[in-house]
Asks: 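I have a structure here, written as structure tokens, and I will follow up with some questions on it.
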Amino acid sequence: MQFIDLKRQYAALKPAIDARIQRVLDHGQYIMGPEVAELEAALAAFTGRKHAITVASGTEALLIALMALGVQAGDEVITTPFTFVATAEVIVLLGATPVFVDIEPDTCNLDVRQVEARITPRTKAILPVSLYGQVPDMDELLALAARHGLPVVEDAAQSFGARYQGRPSGSFGAFGCTSFFPSKPLGCYGDGGALFTDDDALAQAAREIRVHGQSRRYHHSRLGVGGRMDTLQCAIVLAKLDRFAWELERRQTLGARYTALLSATGLPQTGQLGLPTVRPDRDCVWAQYTVRIPSTRGPGREAVQAALQAQGIPTAVHYPVPLHHQPAYAALCCPECCPESLRAGREVMSLPMGPDLTEEEQGRVVEALRGCLEEAHA
Ligand SMILES: *Cc1c(COP(=O)(O)O)cnc(C)c1O
């Protein structure tokens, strides 16, 4: 069993993907070929945004968004420490300081109620993450940000395709930023990403920054990066969009089925297993289906992972150490800060997930997890 099975997806889409790749090889416009604009139009339509700008990766999307907003040395950006490192990395690269706000224990998303207390005159932006594929309390955050005149940038690297009160992830705030890393809900076969915005000036800035700050050939009006997404990767995402609606449905079905099957084991009721929460006004695209193995009861997460691996079931930890405890970032926060992020780092464990996971495989994961937790209890 694969943690995320991309080979099955390719097998299902092979004719479309191969034809798309061949077309790029035939026209030979490997950089900024016609597939780039075609994908940008499709992504803008999908998110309901005026502009979609493809870029070299999700990390690059975040960096370009903050650069377009003018984040610079001395500024502060409020974000969560319980995320992939790229979220905070881009802030530090610009000489600004990430200000870490703790997470809600049930969704593992930024606790929006704790944000206002951390706003200072130096705050330049708020950067929430839609972790595991679920948007955080966006309306509350946008209202708060508007009161303080601050832009919001959504890190939607894990949530492309998710909905919040009917609105798509990526459609909120000054910029939505996503990633097409192969294992994300919508992936390419290398690195890729995109920014979404409704603001013409910000879109123009992002397009210039993507190509070395160039406003016309060899005229560099601002500082930029080499941040384009190549034509082949755009072609691959276009081919995958054909099946994306079906994949989103599969993700909903399998996510709900995991929750039903795991609830039926009785383990959540005894406190040996924590299940992920999805708020009623939104959905989750389950970039990860992440449970908790409380460290105070039972065998502990590492033993559970080893027992599952012995039965051929891969698991992963997203993420073991919050960013304020990482060596490169530890100076930014006190060690006792963000206790819920620290606890989540000790407890979370992601199960095999993806549109091509079968019900039979899912049943085996649940049975194996039940087996090792019950055994430890007995
Ligand atoms: C994957 C990811 C990124 C970075 O995306 P890349 O395309 O790998 O650069 C940023 N933030 C989060 C939350 C991610 O999961």
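Counting starts at 1 for both ligands and their atoms, in listed order. Hydrogens, waters and symmetry mates play no part in the numbers below; they use all other heavy atoms, side chains included.
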Asks: For K124 and Q72, does a side-chain donor sit closer than 3.5 Å to a side-chain acceptor?
Replies: no
Asks: For E60, is the nearest heavy atom under 4.0 Å from an atom of ligand 1?
Replies: no
Asks: Taking 4.0 Å as the limit for heavy-atom contacts, which would you say applies to A86 with ligand 1: side chain only, backbone only, both, or neither?
Replies: side chain
Asks: To check your reading of the model: name the closest protein heavy atom to atom 2 (C) of ligand 1, its residue, and the distance in Å.
Replies: K184 NZ, 2.5 Å
Asks: Taking R167 first and then D139, would you say they form a salt bridge - that is, a charged N and a carboxylate O separated by under 4.0 Å?
Replies: yes
Asks: Are L232 and Y189 packed together at the side-chain level, in the sense that at least one heavy-atom pair is separated by less than 4.5 angstrom?
Replies: no
Asks: Quick one: look up the protein heavy atom nearest atom 8 (O) of ligand 1 and list residue, atom name and how far away it is.
Replies: F181 CD1, 3.9 Å
Asks: For atom 9 (O) of ligand 1, what is the nearest protein heavy atom, given as residue, atom name and distance?
Replies: T59 OG1, 2.5 Å
Asks: Counting from 1, what ligand 1 atoms have a heavy atom of T87 closer than 4.0 Å?
Replies: 11 (N)
Asks: Distance only, no hydrogens: is a donor on one side chain within 3.5 Å (strictly under) of an acceptor on the other, for Y289 and T259?
Replies: yes
Asks: Does the side chain of T231 come under 3.5 Å of the side chain of E35 through a donor N or O and an acceptor N or O?
Replies: no
Asks: Could you say whether the N/O atoms of F84 and ligand 1 ever approach to under 3.5 Å?
Replies: no
Asks: Within ligand 1, which atoms have a heavy atom of G58 less than 4.0 Å away?
Replies: 5 (O), 6 (P), 7 (O), 9 (O)
Asks: In terms of heavy-atom contacts, does CZ of R216 have more than 12 from other residues, nucleotides or ligands at under 6.0 Å?
Replies: no
Asks: Any idea which atoms of ligand 1 are less than 4.0 Å away from a heavy-atom of T83?
Replies: 13 (C)
Asks: Within the 4.0 Å heavy-atom shell around S57, which atoms of ligand 1 are there?
Replies: 7 (O), 9 (O)
Asks: What protein heavy atom sits nearest atom 11 (N) of ligand 1, and how far away is it?
Replies: D155 OD2, 2.8 Å
Asks: Does a donor on one side chain and an acceptor on the other come within less than 3.5 Å for Q165 and D281?
Replies: yes
Asks: Could you list which atoms of ligand 1 come closer than 4.0 Å to a heavy atom of S179?
Replies: 5 (O), 6 (P), 7 (O)
Asks: Considering G133, C177, A287, A157 one by one, which has a heavy atom nearer to atom 12 (C) of ligand 1 than any of the others?
Replies: A157
Asks: How about Q305 and Q309: does a side-chain donor come under 3.5 Å of a side-chain acceptor?
Replies: no
Asks: Go through ligand 1 atom by atom and flag the ones less than 4.0 Å from a non-hydrogen atom of V129.
Replies: 13 (C)
Asks: Quick check: do L241 and L186 have side-chain heavy atoms less than 4.5 Å from each other?
Replies: yes
